[in-house]
Amino acid sequence: MFKKLFSKQDIVLGLITAAFFSSFIYFAYFGFEVKFLNTITAFIAFYLILRVSRTALFYTGFFSGIFWFWWVGISVIYYEMNYLIPVVVLAFGLGYGLIFLATSIRDKILVRAILFFLLSFIAPLGFNWLKPELLLVDSFFGIDKLSFAAILLAIVLFEQLQSYRLRFKGFILKRDLKKLAFIIPLVFAIDYSTPKESELLKVDIALPKFELAQDKKWKDENIRDILDMNFKAIDDAIAQRYDLVVLPETAFPMVLNRYKDLIDTLSEKSEEIAIITGALHSENGLYNATYFFNKGDVQIAHKVVLVPFGEAVPFPKFIRDWVNDTFYGGAEDYATADKPTDFIIDGVKFRNAICYEATTDTLYKDNPKYMIAISNNAWFTPSTEPTLQKLLFRYYAKKYGTTIYTSNNKSENYIVRPY
């Protein structure tokens, strides 16, 4: 058994399968998004995942966990724990290796297909970024659960149905149903929707570019320069006659409600332009928040879904306290709001989202038409994290029919439309 676990053939096959399963991320990262290619690689990835040996399937999950999430290790640099980088990377590999292996607990292709389909509903420790349907975002297939299930069913039919001869009016016709029947589910998996013209939004939104390194963001000696940069972005948007300017997550690296002079200045400027910016907020707990200034008033939206380990430790209290004391200098988890917050700008409703929560179903309750998502990707750049985040935004935009306006630090700003 031990020898089988380290079979070179299974390791290589797992690596190849993981490469197909992860290729769409790297195609997008290098700007090589071709629907036909992504369609083929996605189908091959799913086929191999249902057909390789159990050992190779473990290595598929192992290498996929690393290919998808190696960049998480970068964040520990900013906690001065560089020694944990390989530990974090291996944890993702081993974790997803075991999860993929669990889908073959009964090594029958139909059972494996069902369990792999159920994997798309699982968020280990609250982290939901490994979604098999993401492979379909830039393909000819739909991104919904039905399309994903239809593709898996097609593979099962291709493997299981046997050929036989069909007698018809005295003639014997050869019919290879294995090669014909699998096409039927694929017909239902194809995305037949057509791009629609975007409705003209009457709110003109400025998304200024920010390139603030994470190791400079929270240092007191840089605060003055950061404030100058923020107010310059706001003033430039006013000069260009925008209706709204959106600054990234924690663009003001402070508990902003404790600085009355800044609140007053932002409120005054909001007489000329609506302002959305990220900052911390303290009120019966510490929140990662969005501040919305409009016509002299301020509205504060608290984050609803926290980043596992980054903002909240997803363990029982006694373990959570130990982790926070040992690795985060005794810091406590952020507090959360009970439900998402909407902002009204010139009569248009926008759902507020802060980084990770924009990639969760919770924030899309009631199918918001517009969303403003602010992020700080300086924790993970340079890496493929912003690319994967954008693919997730595209997935949720299509799933819920939401147009997403994103303001990011250390990665591009963009607008994601549902079609």
Report task. Show the numbers, then the answer: is there a side-chain contact (heavy atoms from CB on, under 4.5 Å) between Thr406 and Ile415? Result -> CA-CA 6 Å; Thr406 68; Ile415 302 169; over 6 Å; no

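- A salt bridge does not link Lys216 with Glu221: every distance from a Lys NZ or Arg NE/NH1/NH2 to an Asp or Glu carboxylate oxygen is 4.0 Å or more.
- Heavy atoms only, all atoms of each residue included: Leu152 and Ala113 are closest at CD1-O, 3.6 Å.
- With respect to the salt-bridge test (charged N to carboxylate O, under 4.0 angstrom), the residues Asp10 and Arg54 do not qualify.
- Around atom CZ of Phe252, more than 12 heavy atoms belonging to other residues, nucleotides or ligands sit under 6.0 Å away.
- Across Lys303 and Glu249, no two heavy atoms sit closer than the pair NZ-OE2, 4.3 Å.
- Side-chain N/O atoms of Asn408 and Asn376 include no donor and acceptor closer than 3.5 Å.
- Remark: side-chain polar atoms of Thr250 are not paired, donor with acceptor, to backbone N or O of Pro253 under 3.5 angstrom.
- Atom CZ of Phe36 sits in a sparse spot, with 12 or fewer heavy atoms from other residues, nucleotides or ligands closer than 6.0 Å.
- Within a 6.0 Å radius of CD in Gln9, other residues, nucleotides and ligands contribute 12 heavy atoms or fewer.
- A salt bridge links Arg394 with Asp138; the closest basic N to acidic carboxylate O contact falls under 4.0 Å.
- By the 4.0 Å N-to-carboxylate-O rule, Asp333 lies close enough to Arg320 to be salt-bridged with it.
- We find that Arg112 and Asp107 are joined by a salt bridge, their nearest charged nitrogen and carboxylate oxygen being less than 4.0 Å apart.
- The pair Lys269-Glu271 does not count as a salt bridge, with every side-chain nitrogen at least 4.0 angstrom from each carboxylate oxygen.
- In this structure, the side chain of Asn257 engages the main chain of Ser282 through a donor-acceptor pair within 3.5 Å.
- Under the 4.5 Å side-chain criterion, counting only non-hydrogen atoms from C-beta, Leu186 is in contact with Phe43.
- Of the inter-residue distances, the one linking Thr265 atom OG1 with Phe293 atom CZ reads 9.5 Å to the nearest 0.5 angstrom.
- Judged by distance alone, the side chains of Asn377 and Ser411 do bring a donor and an acceptor atom under 3.5 Å apart.
- A donor-acceptor contact shorter than 3.5 Å links the side chain of Ser270 to the backbone of Ser267.
- You'll find the side chain of Tyr192 reaches within 4.5 Å of the side chain of Ile190, heavy atoms only.
- Remark: aromatic rings of Trp71 and Phe92 are distant, center separation not under 6.0 Å.
- Counting heavy atoms from C-beta outward, Leu94 and Phe58 have side chains that approach closer than 4.5 Å.
- A side-chain donor-acceptor contact under 3.5 Å links Glu311 and Asn288.
- In summary, Glu412 and Lys390 engage in a salt bridge, as defined by a charged side-chain N under 4.0 Å from a carboxylate O.
- Thr360 OG1 to Lys365 NZ: the interatomic distance, rounded to the nearest 0.5 Å, is 13.0 Å.
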Report task. Kindly determine whether Asn38 and Phe140 satisfy side-chain contact (heavy atoms from CB on, under 4.5 Å), including the steps that lead there. Result -> CA-CA 8 Å; Asn38 278 329; Phe140 291 115; over 6 Å; no

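- Between Lys410 and Phe210, the closest side-chain pair of non-hydrogen atoms is not below 4.5 Å.
- A cation-pi arrangement is absent between Lys398 and Tyr419, since the terminal nitrogen or guanidinium carbon is not both under 6.0 Å from the aromatic centre and inside a 45° cone about the axis.
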Report, one line per pair, each donor and acceptor closer than 3.5 Å where one atom sits in a side chain of residues 117-130; sequence neighbours left out.
{"unit_1": "Ser120", "atom_1": "OG", "unit_2": "Phe117", "atom_2": "O", "d": "2.6"}
{"unit_1": "Ser120", "atom_1": "OG", "unit_2": "Lys145", "atom_2": "NZ", "d": "2.9"}
{"unit_1": "Asn128", "atom_1": "OD1", "unit_2": "Tyr356", "atom_2": "OH", "d": "3.2"}
{"unit_1": "Asn128", "atom_1": "ND2", "unit_2": "Thr359", "atom_2": "O", "d": "2.9"}
{"unit_1": "Asn128", "atom_1": "ND2", "unit_2": "Tyr396", "atom_2": "OH", "d": "3.4"}
{"unit_1": "Trp129", "atom_1": "NE1", "unit_2": "Thr359", "atom_2": "OG1", "d": "2.8"}

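- You'll find the side chain of Asn352 stays beyond 4.5 Å of the side chain of Asp342, heavy atoms only.
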Report task. Walk me through it: do Asp243 and Lys202 pass the test salt bridge (charged side-chain N to carboxylate O under 4.0 Å, His left out)? Result -> CA-CA 9 Å; Asp243 301 310; Lys202 63 179 182 180; over 6 Å; no

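- At a threshold of 4.5 Å between non-hydrogen side-chain atoms, the residues Leu392 and Leu134 count as touching.
- Within the 4.5 Å cutoff, side-chain heavy atoms of Lys209 are placed close to those of Glu211.
- In terms of modelled atom types and a separation under 3.5 Å, the side chain of Glu357 and the main chain of Ile354 share a donor-acceptor contact.
- Ring to ring, Phe350 and Tyr370 are close: their centroids are under 6.0 angstrom apart.
- Between Leu212 and Ala378 the shortest heavy-atom distance is O-CB, 3.6 Å.
- A distance-only check finds a donor-acceptor pair linking the side chain of Arg351 to the backbone of Leu363 [under 3.5 Å].
- Classified by interplanar angle (parallel below 30°, tilted 30° to 60°, perpendicular above 60°), the ring pair Phe62/Tyr59 is perpendicular.
- Note: Tyr287 and His302 have parallel aromatic rings, judged against thresholds of 30 and 60 degrees for the angle between ring planes.
- Glu159 and Tyr47 are linked by a side-chain donor-acceptor pair at a separation below 3.5 angstrom, with hydrogens and angles left out of the test.
- By the neighbour-count criterion of 12 heavy atoms within 6.0 Å, atom OH of Tyr79 is densely surrounded, having more than that number from other residues, nucleotides or ligands.
- Taking the six-membered ring for Trp and the full ring otherwise, the centers of Phe69 and Tyr96 sit less than 6.0 Å from each other.
- Between Phe21 and Phe100, the distance from one ring center to the other falls under 6.0 angstrom.
- Panel note: side chain Lys349, backbone Met371; no donor-acceptor pair is recorded below 3.5 Å.
- In this structure, CD1 in Ile184 is found 8.0 Å from CG in Leu157, a value given to the nearest 0.5 Å.
- Screening Asp235, Asp228, Asp236 against Lys232 for a side chain to side chain donor-acceptor pair (under 3.5 Å) leaves a single residue, Asp236.
- Open room surrounds NZ on Lys339; 12 or fewer heavy atoms of other groups in view lie less than 6.0 Å from it.
- Atom OH of Tyr259 has 12 or fewer heavy atoms from other residues, nucleotides or ligands within 6.0 Å.
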Query raised in the report: What do the steps show when you test Ile74 against Thr381 for side-chain contact (heavy atoms from CB on, under 4.5 Å), and what is the final call?
Result: CA-CA 8 Å; Ile74 296 176; Thr381 51; over 6 Å; no

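- For Ser22 and Trp68, the side-chain atoms include at least one donor-acceptor pair closer than 3.5 Å.
- Among Phe20, Phe148, Phe141, the one residue that satisfies the ring-ring contact (aromatic ring centres under 6.0 Å, His included) test with Phe46 is Phe148.
- No side-chain donor-acceptor contact under 3.5 Å links Tyr400 to the backbone of Lys369.
- Across all non-hydrogen atoms, the minimal contact from Ser407 to Val246 is OG-O, 3.1 Å.
- Closest approach of Val245 and Ala233 over heavy atoms only: CG2-O, 4.2 Å.
- Thr402 approaches Pro368 most closely through the heavy-atom pair OG1-O, 2.6 Å.
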Report task. For side-chain contact (heavy atoms from CB on, under 4.5 Å), just list the numbers for Tyr26 and Ser23, CA-CA rounded to whole Å, side-chain angles, deciding distance to a tenth of an Å, and then say yes or no. Result -> CA-CA 5 Å; Tyr26 294 88; Ser23 60; 6.0 Å; no

